[in-house]
Amino acid sequence: MSELRILTEHTDRDDLHEIAVYEELGGYRALRKALRDMEPEQVLGELEESGLRGRGGAGFSMGKKASFLPKGSMDKFLCCNADESEPGAFKDRLLMQKNPHLLVEGCIIGSIAAGANKGFIFIRGEYSHQADVLDAAVAEAYERGYLGDRILGSDHSFSLVVHRGQGAYICGEETALLDGLEGKRGNPRLKPPFPANQGLYQGPTLINNVETLCCTPYIIDRGKEWFRSIGTEQSAGPKLVSISGDVQRPGNYEIELGIPVRDVIYGLGGGPPEGREVKCFFPGGSSAPVLTAEHLDLPFTYEDMAQAGSMLGTASVIVVDDSQPLVPLALRLAEFYRHESCGKCVPCREGTNWTVKMLERIDEGEATPMDLEIMAQVQENIIGNCLCVLGDSMAMPIGSMIKHFREEFEAHIAAARERRQLEEAAAFSAGELAATAEAGPA
Amino acid sequence: MGRPEPNEIVFEIDGREVRAPEGMMLVDAAKRGDVEIPYFCYEPKLGQPVGACRMCLVEIEGMPKLQTSCSTPVKDGMVVTTTSDQVKKAQNAVVEFLLVNHPLDCPVCDKGGECPLQDISFGWGAGRSRMIEPKRHFKKPLELSPLVAIDRERCILCYRCVRFSQEVAEDYQLVFLERGDHTFVGTHHGRPYVAPFSGNIIELCPVGALTSSAYRFRARPWDIEDSGSLCPLCPSQCNVSLTIRDDAKVVRVLARDNADVDDGWLCDKGRFAYQSIHSAERITAPLVRDGGYLREVSWKRALDEAEAALDKAGERTAALVGGQATNEEGFLVQHLLRKGLGSPHVDSASGDVRGPEQARVLARPDLAAKVSDIDHASAVLVVDTELVDEAPILDLRVRKAARRNNARVIVASSRPSALDPNAEATIRFAPGMADAVLAELGAALGSPRGGVGFASRGGSREEDVRGAAEVLRDAEDVVILWGERVAHAERGVQGIEALLALAGALGIADKPESGLIEIPAGSNGRGLREVGCTPRLAPGLQDADATGMSATEMATGEHPALLLVHTDPVEERRERDEWLQALEDAGTVIAFSGFRTDALEQHADVVFPAEAHAEKEGTLTHPDGRLQRLRQAIGYPNEVRAAWWVLAELCERAGAGVGAESPPALTEKVAEAVPFYAGITLDEIGGRGVRWQEREAASSLPAAEQSEEQLEAPPELAPGLRLGVRPSLWGGPEVEHSPSLSFLAGQTRAELSPADAERLGIAPGDEVVVSVNGTSVRAPAAVRSAVNAGDVFLVGDRLPGGSVEVTKA
Amino acid sequence: MQRAGDEGALQQPLPPGWDEAVDVEADPAVIPDPAEVDVPSDLREEIEALMAKYPDRHSATLPALGAAQRVHGWCSNEAIRQVAAVMQVTPAYLSSVVTFYDMLRAQPIGSRYVYVCTSVSCHLSNAKAVYDAIWEEARDQGLEDVELREFECLGACDMAPMASIDGRYVGPLSEDDAPEIVAALREKREVLPGRSLEDKGYKLPWESR
Ligand SMILES: Cc1cc2nc3c(=O)[nH]c(=O)nc-3n(C[C@H](O)[C@H](O)[C@H](O)COP(=O)(O)O)c2cc1C
Ligand code: SF4
Ligand code: FES
């Protein structure tokens, strides 16, 4: 199979989280190199030219983002986004639980590139075991002098704190994450100002996903050319994919981007259960518009997924087979976004809630085909008008479902109406019977 | 820091070229080109834009998505479109989303007719709602506090009210609870939102979600009129707009935004105490003691009796003028005494203790700051005043300076202050020992007048003073807000000298945006001094021909006639027992009062009904020197007549007529008498006021030189507890007689340090007796970590000075 | 046993305060003076240590509330007052945070938790039936002091359907696991030993490597 083992090379071991084991396997070598043999600008340059794109969803160049931070001696922050709450995503969990020192090392290298002196790993509170593992790793790294003042005798100082969330998907949005880290309700902030200029505590801040940061030690250790040699021109480097839903072997797999989607879903995930076909799939977590069986032969890359009208996102592939009715799935999806909407901006707060209500009506047989039209328009009215992209993250997949499967929605509406009419008729005659019974002679 | 001066730029909006200062938010800049962009959540007074409502989306060339114009600063060459299909579609969408959960109960809504949501739905909505699902439901309206009701169904979650609570008042009591479409505005655990500025949220709410319990259903927008005036209830003198129903009744008080005074906020006292105007308990006819009781009499009889008594007492008449008196009233009182009766015995109720030369130095324009200087100061030093109680709107102003412009705040006070959390340095000193700290601070900053080692004698820690000095040393512009309390201390004269020495060390006189602002004990404390209501100073801060008795001296005097203008010293001054005796001993007590008080009931012989502030004409002088106008908004009830008229009549009868028949004429007389007010007229004062320091006549302030003498070291602190007496915002007859505020009136508290509480066996909430030389009051105890051991504060009540004892009741 | 609502997490009952007027007679909830609030010393020290970890003490809010919840079982009025006194913030600030985050309990619905993921991938794997089975078992066995609720994606779709029991991720689950899960919870035993992601040697059933 087209599986890679780079980030996951040793993750089958049970003791990789121990610093001695990690070091023995070459860990913290990159950090030494970055501190001793390279200037911070070189570290930054290496990352920038490696083609590493953010693994948290948006796919923005990691090095470029780090270069946006102003120079100077003020406090600068690095925040690792370990909130991983998007339905379908569970790759960061694996890295943190199995290979915590890779993340710690990645954070330190990121801090060198960005000139940051204080770092935080914002991990979702539900990952309590993983947070414990990280806490232990951070403590070990402090002990060995990888963290703290003047790391390994260099000029670079960097502190790192593991910060546990308390349950809110929106804290994965980078500015909401900052609010959560500042001890507030996790509400996204207006951008601009961008975090690179005014982020945590209003200071310059670099925010990167766990997997993004985990790539950096390899880039420093093995070089940008090596990194670029994996994957495609625009989708460089190894990539974890989380495969779930209707597949036989759900799990995390590491791949070279560019292999056909079919290889991911069938080759790695084992395809849908016996006798079932792929009806549709989310290529990049629940926020990505669904694609259908006809897209199975596209290369799995940032660019091809975007071209097909969806996105690679976190590369979390959720597979839906042909036995699954879409209306309940759409409803479940919309409920997720309604529940997770922070409520700050109007289109997202009211749009998600309205969409749930419409889908409920469809399911309950109270809707007409016109409602489908309204629902589609409501999705359009959400897209692009919200404060952050959580609203869009519901509107895009729901919109895509209606677009690709309009007939199924229409059939569902019709069938549910019919069922409801029958039920009502039955209830009516039952009521009549009861009424006659009551009125009749005792 | 100084004030930034933005460049003018040119941008294009809907095809028009428009000029605007660079960096202005697009919503505001658009108005300059007559383009109206709808919005709900934007309100620059609340701080940074939040971009929550999404109503203000516009298209900007070069940007892929629509942008919120409330958060986009204009740049040169920007090309903006607000009329494209894309923008219209977004606007329709947002309105539709807003109405998804908004009830359509406009016909019964208080906001109907003045509702931004109604207007914007009409102007920018598609005029239909496709939502047929049930809306979110709340019971309505519910009480949010005794003053404010909330109708959560109408709330559009615009963030305005919660941002006010969190980022302006910083009381952080009002918050969003829950999240997503479950979000609602509320408080912790069903507690009421009771805070000094809570009422502002009513005005901020763009829908009918937050309403005033006192105003609800009292009027609809079409049977009311607005009348601009100011609030004379404290020295902040906020500008207000009174809502008048049927030309006769004040039904509401709204802010009238004046950035030089109040920033458009009001405290709850100013907002709700209008109810006292229409209290049934008001005195609305002249009263004369007859058969032991005060009885309503004709104006003629009251005036005749007063005239006779004054005539008889002549040069032995004494007069005390309440802090809310206007400049005109104060002027007339001292004129009546000095010119009509030949008596020098006139003072303001707070009592003026400073020396004449000190008064003149303190009035110097080069040492003065104006309110808006606070905004841009690099450091703000607050000395011995609790702004939130004594000039509440300035408390907000200091918070704003710290939050928005990073001003560094220093609090030097004996009682812990609500501003402590905002302060970079705090200094505590024993009550009455401000002079020690000020002297030491001055010395630390290089004053040649000495002061080293004083602070510890005042009960302060040297390192606190050093920390504060550090901040001040780095500061460019410094504004010092100091409480008149400094001057009233036993060592008050030294206190002022120490303050002036500090000002000298900071070079304030040479920095136009640095300066002092005195927070007087009375609303018009400054004006009354400047028009001559002090025993040693004639109008215009010139030496009086003869020195009269001060308020403190009056308390122990025997007066053939005692004139009390808008004050009852037994209710207001610390030496209440002495005053009670003075009233009893006085030959004739003539008072101007809105309400009957115990002391008046027992001892007044003639009482003239006082106008309420909405009935009054005249001027007040703001602590920063701004003359402002109090305007009559409604007619007098029953027999009430203007106090100025009564005073002018008494002058006339005493043979010293002022020759002014109307308020404008009277103001002109005042301006003639006070050289540095010369030429000021009501017209010039207008709706915004005018600072006398900024007019040419300011140069007629009598020249005054700062002393260069060495400061006198304070004595060692006496052992035992030391008492500080502090007013509460909720004092005064206006609060007591306003039904919706009465829940706040009369609250007293004795604040102790944890160490003293433990030593005395007092737990939080215990009832304690605080006594000084046999006079005692009861109050519940509060234990405060930030109170220095040895200090006790009596809040909301009074006791004279002296050694104090606290015991569990 | 308590649970958030009949339809699970997604349709909670009205939160406290939704339809209630305030108590107008009560005092406003201002920042409590530390001298007036008793805080268990362990909790105080933990919160103080947390505050010291960050450049701004407010950053300690989420972990501090988590700590108080551990002590009190939920973010009760008392718990909030204690945190407010140590952190010197208003109770309302804390309440607004508590009610925002799913893992902080604004009501006394159990000091332990069972979050059953019924989000997208688990939904596709019939998680609702697992949740219902656990719920019925909990009712029948009389499980108490446990917050049982449907939860949004827990980041373990590979184990779908799954649940988090006080942070211990277990799965894949079937309806048949319900009696044992509830019994173990009642008896305070480890739930499904060997079937948790954190157990040594844990493998998904189809994993060979
Ligand atoms: C609603 C929402 C949730 C998000 N959740 C996550 C998340 O859990 N983890 C993550 O790394 N990025 C998440 N993101 C993306 C972040 O905003 C941000 O782009 C990312 O952390 C940047 O890191 P990267 O450049 O390394 O990808 C989310 C974005 C949105 C809008
Ligand atoms: S109550 Fe009014 S001001 Fe407050 S959020 Fe709701 S609509 Fe806005
Ligand atoms: S005014 Fe711009 S988003 Fe509300």
Side-chain angles (χ1 to χ4, degrees), chain A residues 12 14 75 84-90 92-93 97 118 120 124-130 161 163-169 171 180-187 200-201 242-246 248-252 270 282 286 316 318-321 324 328-329 332-333 335-336 338-340 342, chain C residues 9-12 53-66 69 87 89 93-94 96-104 115 117-125 128 151-160 164 166-169 172 196-198 200-201 204-209:
Chain A
D12 292 341
D14 268 340
D75 270 345
E84 193 162 67
S85 304
E86 166 125 335
F90 45 90
D92 298 340
R93 186 202 75 206
Q97 180 175 341
K118 293 196 164 75
F120 300 91
R124 63 179 302 184
E126 294 87 343
Y127 281 173
S128 58
H129 174 62
Q130 292 74 11
V161 170
H163 183 87
R164 295 165 200 234
Q166 288 289 359
Y169 165 61
C171 283
L181 195 41
E182 288 179 8
K184 305 179 190 149
R185 295 159 64 85
N187 288 319
L200 191 63
Y201 313 123
S242 305
I243 309 177
S244 68
D246 296 322
Q248 300 189 29
R249 288 195 302 274
N252 279 313
F282 300 78
S286 66
S316 306
I318 308 172
V319 179
V320 182
D321 76 23
Q324 298 277 6
L329 177 65
R332 194 61 198 77
L333 191 81
E335 280 174 340
F336 169 80
R338 178 184 65 173
H339 181 74
E340 300 296 347
C342 77
Chain C
L10 304 164
Q11 280 176 21
Q12 289 174 13
K53 272 174 44 176
Y54 300 91
D56 177 337
R57 72 176 198 285
H58 293 92
S59 285
T61 307
L62 297 187
L65 286 167
Q69 174 163 287
M87 291 191 68
V89 294
Y93 162 67
L94 297 174
S96 95
V97 169
V98 167
T99 55
F100 187 90
Y101 291 97
D102 280 338
M103 296 182 72
L104 295 173
Y115 299 158
C117 179
T118 58
S119 206
V120 180
S121 293
C122 286
H123 160 88
L124 293 171
S125 312
K128 187 68 165 57
F151 214 80
E152 290 299 355
C153 184
L154 285 160
C157 319
D158 46 349
M159 314 164 60
S164 169
D166 293 323
R168 198 177 137 80
Y169 277 30
S196 165
L197 187 61
E198 62 194 66
K200 255 203 161 51
L204 293 166
W206 48 88
E207 262 180 339
S208 49
R209 44 170 208 263

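Naming: A, B, ... by sequence-line order, numbering from 1 per chain. On a predicted model such as this, the values are computed, not experimentally measured, just so you know.
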Pick from A:Gln324, A:Glu340, A:Glu84 with the largest number of heavy-atom pairs that fall under 4.5 Å of chain C:
A:Gln324
Give, for atom CG of C:Asp56 and atom CD of A:Glu182, the distance between the pair rounded to the nearest 0.5 Å.
7.0 Å
Where the side chain of A:Arg93 meets the backbone of C:Leu154, is there a donor-acceptor pair that is under 3.5 Å apart?
no
Pick whichever of A:Asp321, A:Leu333, A:Val161 has the most heavy-atom pairs under 4.5 Å with chain C.
A:Val161
Derivation and outcome, side chain to side chain contact (heavy atoms under 4.5 Å, CB included), residues A:His339 and C:Asp102:
CA-CA 10 Å; A:His339 181 74; C:Asp102 280 338; 3.0 Å; yes
Could you look at C:Leu197 and say if it's the side chain, the backbone, both or neither that has a heavy atom under 4.5 Å from chain A?
both
One option among C:Ser164, C:Ser96, C:Cys122, C:Gly201 has the most heavy-atom pairs under 4.5 Å with chain A, and it is C:Ser96
Considering residues at least two apart in sequence or located in another chain, which fulfil the side-chain contact (heavy atoms from CB on, under 4.5 Å) criterion with A:Ser316?
A:Ala89, A:Ser242, A:Thr314
Contacting moiety of A:Gln130, where chain C heavy atoms sit under 4.5 Å:
side chain
Any donor-acceptor pair under 3.5 Å linking the side chain of A:Gln166 with the backbone of C:Leu65?
no
Nearest-0.5 Å distance that lies between atom OG1 in C:Thr99 and atom CZ in A:Arg185:
5.5 Å
Given the options A:Gly186, A:Gly245, A:Gly88, which has more heavy-atom pairs under 4.5 Å with chain C than any of the others?
A:Gly186
Nearest heavy-atom pair of C:Thr118 and A:Arg332: which atoms, and what distance?
O-NE, 2.7 Å
If you take all heavy atoms of C:Tyr101 and A:Lys184, which pair is closest and at what distance?
OH-O, 2.8 Å
In terms of heavy-atom proximity below 4.5 Å to chain C, should A:Gln97 be classed as side chain, backbone, both, or neither?
side chain
is_close_aromatic(C:Tyr54, A:Tyr201), centroid dist under 6.0 Å
no
Looking at C:Gly167, C:Ser119, C:Pro172, which makes the most heavy-atom pairs under 4.5 Å with chain A?
C:Ser119
Just give me the residue among A:Ala168, A:Ser128, A:Pro87 that pairs up with chain C most often, heavy atom to heavy atom, under 4.5 Å.
A:Pro87
Could you have a look at A:Gly180, A:Gly167, A:Pro328 and say which one has the most heavy-atom pairs with chain C under 4.5 angstrom?
A:Gly167
Distance, nearest 0.5 Å, that separates NE2 of C:His123 from CD1 of A:Ile318:
11.0 Å
Per-residue contact mode, A:Leu329 against chain C (heavy atom under 4.5 angstrom):
both
Here the pair of heavy atoms bringing A:Glu126 nearest to C:Phe151 is OE2-CE2, 3.2 Å
Interface moiety of C:Ala156 toward chain A, non-hydrogen atoms closer than 4.5 Å
both
Looking at A:Ser286 and C:Val120, what are the two nearest heavy atoms and their distance?
CB-CG2, 4.3 Å
Grab the two heavy atoms, one from A:Pro250 and one from C:Cys157, that are nearest each other, plus how far apart they are.
CB-O, 4.4 Å
Taking C:Ser59 for the side chain and A:Leu181 for the main chain, is one N or O donor matched with an acceptor at less than 3.5 Å?
yes
Hey, is the main chain of C:Gly155 close enough, under 3.5 Å, to the side chain of A:Tyr127 for a donor-acceptor pair?
yes
Any side-chain heavy-atom pair from A:His163 and C:Pro63 closer than 4.5 angstrom?
yes
Top residue by heavy-atom pair count (under 4.5 Å) with chain A, among C:Lys200, C:Met103, C:His58, C:Met159?
C:Met103
Checking A:Gln248 against chain C: side chain, backbone, both or neither under 4.5 Å from a heavy atom?
backbone
Would you name the heavy atoms of C:Cys153 and A:Ser85 that are closest together and state the gap between them?
CB-O, 4.1 Å
Which atoms of A:Cys342 are under 4.5 Å from chain C, going by heavy atoms: the side chain, the backbone, both sets, or neither?
both
